[in-house]
Amino acid sequence: MKYISTRMNIEAVDSAAAVNHGMVPGGGLFVPEAIPEVSREFLTNLKDMSYEDISIEILKLYFTDYSPKELKGYVRSAYSSDKFSSSLKTPVVKLEDDLYIAELWHGPTGAFKDMALQIMPRIFSGAKKKLNIREDSLILVATSGDTGKAALEGFKDIEGIKMAVFYPSDGVSQIQRLQMETTIGSNVIVSSVDGNFDDCQTEVKNLFKDSDFIKSLEGINISSANSINLARLIPQIIYYFASYAQLADDLAPDEKVDFSVPTGNFGNILAGYYAKKMGLPIDRLICSSNTNNILHDFISTGVYDTNRQFHKTMSPSMDILVSSNLERFLYHLSCDKKEVSELYSSLDINKVFNIEGSLLDSLKENIFSSWIDEKKCLNIIKDVYDKYGYPIDPHTAIALGGAADYKKNKTIVMSTASIYKFPSTIVKGIYGEEMDELSSLEVLKNDLIINIPDCIEAIKGLNPTDINKISSSEMKNFIRTFIKS
Ligand SMILES: *Cc1c(COP(=O)(O)O)cnc(C)c1O
């Protein structure tokens with residue numbers, strides 16, 4: 001399998017090279033030349049396969065320059081039972097007839113990002129070996145909260161790699177911040193940045209294009225762990241298959257389902273689209289947004305307009321205006337690099353682009369979109385708890401809201417975070433009370449009898465004044481100082 005750019009600027013490369021680059025040098029994202037299809041036999045056997053078995057079959061189709069033995073080794077260590085609190089990895093819970101929740105947060109940091117970030121460092125190190133790269137790598141991460149911690153856990157203490165994580169100073173929850181700031185690893189550094197997630201992400205993207213900056217790193221090769229990296233995107237396809245497989249007893253052969261996905265950078269839902277193209281019986285993907293509903297407007301009208309107010313919401317991991325992976329989706333729908341290049345240069349220059357005609361039609365054919373405001377999000381948390389005794393986090397609430405707005409087939413709601421990451425919001429939703437996060441955590445522990453995992457217990461002693469805060473223009477120097485240390 002070869003990988004090409006969504007724009008017109010690079011020759012096709014093997015997966016190892018694409019993984020090592022992160023994004024296409026000069027702009028654009030790597031996509032597979034063609035999305036591979038799974039065999040009939042694989043789909044028939046799916047319900048009897050373990051998460052690990054499914055992983056290997058999916059990864060083999062994309063990482064064709066890796067040996068099956070290498071991939072097996074990565075899968076075995078990434079999804080080991082000491083890291084995941086469920087042997088199914090992504091267990092599916094039935095809420096009622098036709099409505100299911102896939103819990104994607106049983107990994108070490110409590111967010112679905114673990115599903116990809118546990119295996120990505122292994123794929124990345126493998127790529128460096130294949131390419132004979134001996135220099136250290138610097139991984140830059142901009143995070144709206146959950147990626148940061150999951151990336152830190154995945155990459156800490158991995159030889160030959162340094163990692164710098166940046167998060168918006170006011171854009172993450174107290175628990176998310178403390179989780180990141182308590183990572184122990186000799187090769188990682190974390191800082192908050194003045195501004196919102198887009199400011200962070202934009203500066204990271206600029207650094208990739210900044211040849212003077214890259215030169216000043218003296219041979220260190222820079223890459224990314226954001227969902228623009230293929231080694232993030234591809235492993236996310238696995239849990240669509242693994243979740244579908246768990247519904248087997250309730251489904252007629254080949255019966256189609258819908259997935260509702262709480263969407264930010266469009267990585268999760270894009271993996272769902274890949275699963276569909278590969279042959280998994282998916283009818284439509286439901287793109288659920290919070291008050292930052294730029295994707296809903298885009299899917300409704302064809303106009304993607306980032307000239308708008310940014311809202312801080314209770315679902316911070318979805319507080320995004322520029323959804324990077326949308327570029328890949330538009331490429332797959334249009335198969336037209338020229339068109340994609342034009343759209344994204346318009347976005348660069350005017351902060352807006354628009355699509356129409358058959359491209360907009362096929363977008364709507366694949367995706368139903370919906371958005372949920374803050375009040376409704378809290379109501380959903382309360383209703384679901386009252387009705388089913390099942391507590392959900394605010395991101396999952398948004399996806400449930402989207403599912404309720406559509407309701408055509410059996411629907412699997414992607415639950416992307418564990419409730420202990422957003423305890424204040426859960427307490428506010430269920431009890432209507434305002435409380436700080438650490439006290440809320442105690443309430444959840446006592447009332448809902450949830451076990452607080454060690455990784456959350458560990459944050460309690462941190463002194464929040466130790467936290468770095470810089471402006472986005474200081475990121476360059478911050479990184480250089482870290483590299484030299
Ligand atoms: C990252 C994240 C999302 C958004 O996923 P994308 O792949 O960026 O669309 C949703 N919910 C949670 C909890 C997340 O951490």
Side-chain angles (χ1 to χ4, degrees), residues 29 90 101-117 120 141-154 165 167-168 171-173 175-176 179-180 197-198 200-201 224-230 232-237 239-240 259-275 285-290 292-296 298-299 313-329 367 369 371-372 377 381 392-402 413-423 425-426:
L29 299 175
T90 59
I101 306 261
E103 298 179 346
L104 308 182
W105 40 259
H106 286 270
T109 76
F112 92 99
K113 306 285 198 295
D114 288 326
M115 300 315 300
L117 279 162
M120 180 194 174
V141 179
T143 179
S144 56
D146 296 325
T147 301
K149 181 59 175 175
L152 288 162
E153 281 302 310
V165 171
Y167 64 90
V172 302
S173 80
I175 299 257
Q176 287 178 315
Q179 272 192 302
M180 286 188 272
F197 172 68
D198 285 304
C200 265
Q201 176 163 262
S224 140
N226 279 67
S227 57
I228 51 181
N229 195 307
L230 274 182
R232 277 282 301 278
L233 177 65
I234 307 298
Q236 293 181 348
I237 300 167
Y239 53 70
Y240 281 89
F259 280 91
S260 181
V261 188
T263 297
N265 225 350
F266 213 79
N268 194 356
I269 196 168
L270 182 69
Y273 176 72
Y274 277 39
L285 295 158
I286 301 165
C287 175
S288 302
S289 299
N290 64 22
N292 292 297
N293 54 6
I294 182 168
L295 284 166
H296 176 72
F298 176 55
I299 294 161
T313 74
M314 294 179 286
S315 43
S317 300
M318 302 161 68
D319 288 345
I320 292 174
L321 295 182
V322 181
S323 301
S324 306
N325 280 292
L326 183 64
E327 176 168 349
R328 286 193 164 111
F329 188 51
I367 300 212
S369 79
W371 75 279
I372 304 297
C377 178
I381 291 173
I392 52 170
D393 96 290
H395 304 80
T396 307
I398 303 266
L400 258 163
V413 171
M414 289 311 205
S415 176
T416 48
S418 152
I419 55 168
Y420 67 72
K421 293 202 91 161
F422 304 95
T425 308
I426 319 291

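Indexing begins at 1, ligand by ligand and atom by atom, following the structure's order.
With hydrogens and angles left out, the side-chain atoms of N325 and R328 include a donor and acceptor closer than 3.5 Å. Judged purely by distance below 3.5 Å, without hydrogens or angles, the side chains of D319 and T313 pair a donor atom with an acceptor atom.
Ring planes of F329 and Y273: perpendicular class, angle over 60° (limits at 30 and 60°). Note on ring orientation: taking the six-membered ring where Trp is involved, the planes of H395 and F422 are tilted (angle from 30° to 60°).
The side-chain heavy atoms of T263 and N268, taken from C-beta on, include no pair separated by under 4.5 Å. Using a 4.5 Å heavy-atom cutoff, the side chains of L321 and N292 are in contact.
Here the heavy atom of the protein found nearest to atom 8 (O) of ligand 1 is N265 N, 2.7 Å. For atom 14 (C) of ligand 1, the closest non-hydrogen atom of the protein is K113 NZ, 2.9 Å. In this structure, atom 12 (C) of ligand 1 lies nearest to the protein heavy atom T416 OG1, 3.3 Å. Of all protein heavy atoms, the one lying nearest to atom 7 (O) of ligand 1 is N268 N, 2.8 Å.
Each of S315, C377, P394 was checked for a side chain to side chain contact (heavy atoms under 4.5 Å, CB included) with I372, and the lone residue meeting it is C377.
Remark: ligand 1 atoms within the under-4.0 Å shell around heavy atoms of F266 are 6 (P), 8 (O), 9 (O). Taking every non-hydrogen atom of A417 and a distance limit under 4.0 Å, the qualifying atoms of ligand 1 come out as 13 (C). Numbered from 1 in the order shown, with element, the atoms of ligand 1 that lie under 4.0 Å from a heavy atom of F112 read 1 (C), 2 (C), 3 (C), 5 (O), 7 (O), 14 (C). The ligand atoms of ligand 1 that sit less than 4.0 angstrom from a heavy atom of G267 are 6 (P), 7 (O), 9 (O).
Heavy-atom proximity to atom 13 (C) of ligand 1, evaluated over D146, T263, N325, is greatest for D146. Here the shortest heavy-atom distance to atom 9 (O) of ligand 1, taken over G264, P394, S415, belongs to G264.
Heavy atoms of P262 approach ligand 1 to within less than 4.0 angstrom.
Closest approach of K421 to I175, counting heavy atoms only: O-CB, 3.7 Å.
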